[in-house]
2 protein chains.
Amino acid sequence: MGRRSDHSREELEELILSEGQKLMAETGLSRFSAREVAKRVGYSVGTVSNLFAGVDGLIIAINSRTFRLWSDSLEANLHNVTGADRIDALVRGYFEFAEKHLNLWSAIYEHRLPPDMAMPETLAEERTRLTTIVTREVAAILPESEKPEAARLAGSLIATVHGHCGFALIGSFALLNEKDPLGLATDRVHEVLIAHGATL
Amino acid sequence: MGRRSDHSREELEELILSEGQKLMAETGLSRFSAREVAKRVGYSVGTVSNLFAGVDGLIIAINSRTFRLWSDSLEANLHNVTGADRIDALVRGYFEFAEKHLNLWSAIYEHRLPPDMAMPETLAEERTRLTTIVTREVAAILPESEKPEAARLAGSLIATVHGHCGFALIGSFALLNEKDPLGLATDRVHEVLIAHGATL
DNA sequence: TATCACAATTATACACTGTTCAATTAAAAA
DNA sequence: TTTTTAATTGAACAGTGTATAATTGTGATA
């Protein structure tokens, strides 16, 4: 009988999430196990499963957390950076977070919701936050006439960087002897922004 | 005793691969099961596991197959298309294949090799083939001075389209009320190619 | 304070998964 | 026909997630 009421419900959620994220960072999604998380926090499997409505719910909650960590890290990268360098800082920040937290970052994109389950509001919000940051920065260097397109363009640029980052991490670029995926991504972003009237 | 030597080793591999790909298309990677494949082909689990050196080997073989299907489909899309339209046909072909074979396509990128296992030659070849197609088409519309950059640029453009395609399929664009990810990807590719001197 | 009711937590059972390997069995060789 | 060889199996094992009946601690009630 492990530890009944050693923690409030909220403390327990926090404990499971925190330990779960650690495990995810160690093992990656494919070897992640709710049972192992339960073992580590000293509660039973049932408790973990109930509290997050199944392992999928737990993974989603962990991924939300990772998203927040990521957004925070991006914002931090912008400190003391001015002008067009801010765009480069975002691209670099995207890559650096993914490289540093490979398993956590990959889990976000490897996990697929069960067909019946809709994307929970909390995860949607965290995702939107990252987009908002980029949209703000893109709008800042676009000429007035193009500003209405900032949101669309930001989404598209994130997708562009995301593609390069993903390929870099799974080794697709290595296969082509490409040694500077970050440089490639940065160049693409510059070209697109210039095509839309930005001055870099 | 199901069916000893009803098939040669090669026939059996083909049978398992074919049925395995069907199952992958039905269930997606996360619910894919080597046991279920064995059941469907009427052989035992051990046979399937031995023949492909574990479930990871089977998945890799299936993904290689999917890659070939994809390359073939891209080449087919180029038939009777000329000039700059060929680039657009490739972008559209990328999206269409992924949409039509969502589970097969996703499995390619969701599966991660065990840390000890190197990428098998066969999979590497299939991946390279897709790149070769794109490089050829990119080189064709680049001015002479830029042709040496065709391979690098092709890799980068694939990554760009891939990012848009992936985001479209997991719903990231829907979250931003973006209704035309393919249009976005096509626009980016045009802008980049023009920046490199192509005439579209 | 003693009792009760409720809610949290557990233990257990179930149906799966992939891997391994001794035992079996069919086909090929002698 | 007998022996050898190699493919194939079946069973055991250690995991997985989910569901649920049985427990148990806690806070409210008398």
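Owing to the predicted nature of the structure, the values given are computational and were not obtained by experimental measurement. Letters go in sequence order (proteins before strands), and every chain restarts at 1.
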Under 3.5 Å, is there a donor-acceptor pair linking the side chains of A:Asn103 and A:Arg31? no

State, without any angle test, whether A:His196 and B:Glu191 hold a side-chain donor-acceptor pair at a distance under 3.5 Å. yes

Taking DNA chain D as the partner, which of residues 102-115 of chain B come within under 4.0 angstrom of it by heavy atom? none

Using a 6.0 Å cut-off, check whether atom CD of B:Glu121 has over 12 heavy atoms from anything other than its own residue. no

If you look only at pairs with a residue in residues 116-164 of chain A, which of them pass as a ring pair (Phe, Tyr, Trp, His ring centres under 6.0 Å), with sequence neighbours excluded? A:Trp105-A:His162, A:Tyr109-A:His162, A:His162-B:Phe167, A:His164-A:Phe173

A:Asn50: which residues meet the side-chain contact (heavy atoms from CB on, under 4.5 Å) condition with it, sequence neighbours left out? none

Gap between atoms OH and C1', on A:Tyr43 and C:dA8 respectively (whole Å): 9 Å

Do A:Leu169 and A:Val91 sit in the same hydrophobic cluster, where Ile, Leu, Val, Met, Phe, Trp and Tyr count as joined when their side-chain heavy atoms come under 4.5 Å apart? yes

CD1 of A:Ile141 to CG of A:Leu200: how many Å apart, nearest 0.5 Å? 5.0 Å

Between atom CG in A:Leu51 and atom P in D:dT18, what is the gap in whole Å? 14 Å

Would you tabulate the pairs of protein nitrogen or oxygen atoms and nucleotide nitrogen or oxygen atoms of nucleotides 16-18 of chain C closer than 3.5 angstrom?
| unit_1 | atom_1 | unit_2 | atom_2 | d |
| --- | --- | --- | --- | --- |
| C:dT17 | OP1 | B:Ser33 | OG | 3.0 |
| C:dG18 | OP1 | B:Ala34 | N | 2.8 |
| C:dG18 | OP2 | B:Ala34 | N | 3.3 |
| C:dG18 | OP2 | B:Arg35 | N | 3.1 |
| C:dG18 | N7 | B:Arg35 | NH1 | 2.3 |
| C:dG18 | O6 | B:Arg35 | NH1 | 2.9 |

Distance-only donor-acceptor check, side chains A:Ser156 and B:Arg188, under 3.5 Å: yes

side-chain contact (heavy atoms from CB on, under 4.5 Å), paired with A:Arg65, selected from A:Gln21, A:Glu126, A:Met24: A:Gln21

For nucleotides 21-23 of chain C, give me every protein contact, N/O to N/O, under 3.5 Å, one pair per line with atom names.
none

Spacing of B:His7 atom NE2 relative to C:dA26 atom P, expressed in whole Å: 17 Å

Gap separating the CG atom of A:Leu78 from the CG atom of A:Asp85, nearest 0.5 angstrom: 11.0 Å

Can you measure A:Glu11 atom CD to C:dT9 atom P for me and round it to whole angstrom units? 11 Å

So ring pair (Phe, Tyr, Trp, His ring centres under 6.0 Å) across residues 75-96 of chain B, not counting sequence neighbours, yields B:Trp70-B:Tyr94

Whether A:Ser44 contacts C:dA11 is assessed here as follows: a side-chain N or O lying under 4.0 Å from the phosphate OP1 or OP2. Is that the case? no

What is the distance from CZ of A:Phe52 to C1' of C:dT9, rounded to the nearest Å? 15 Å

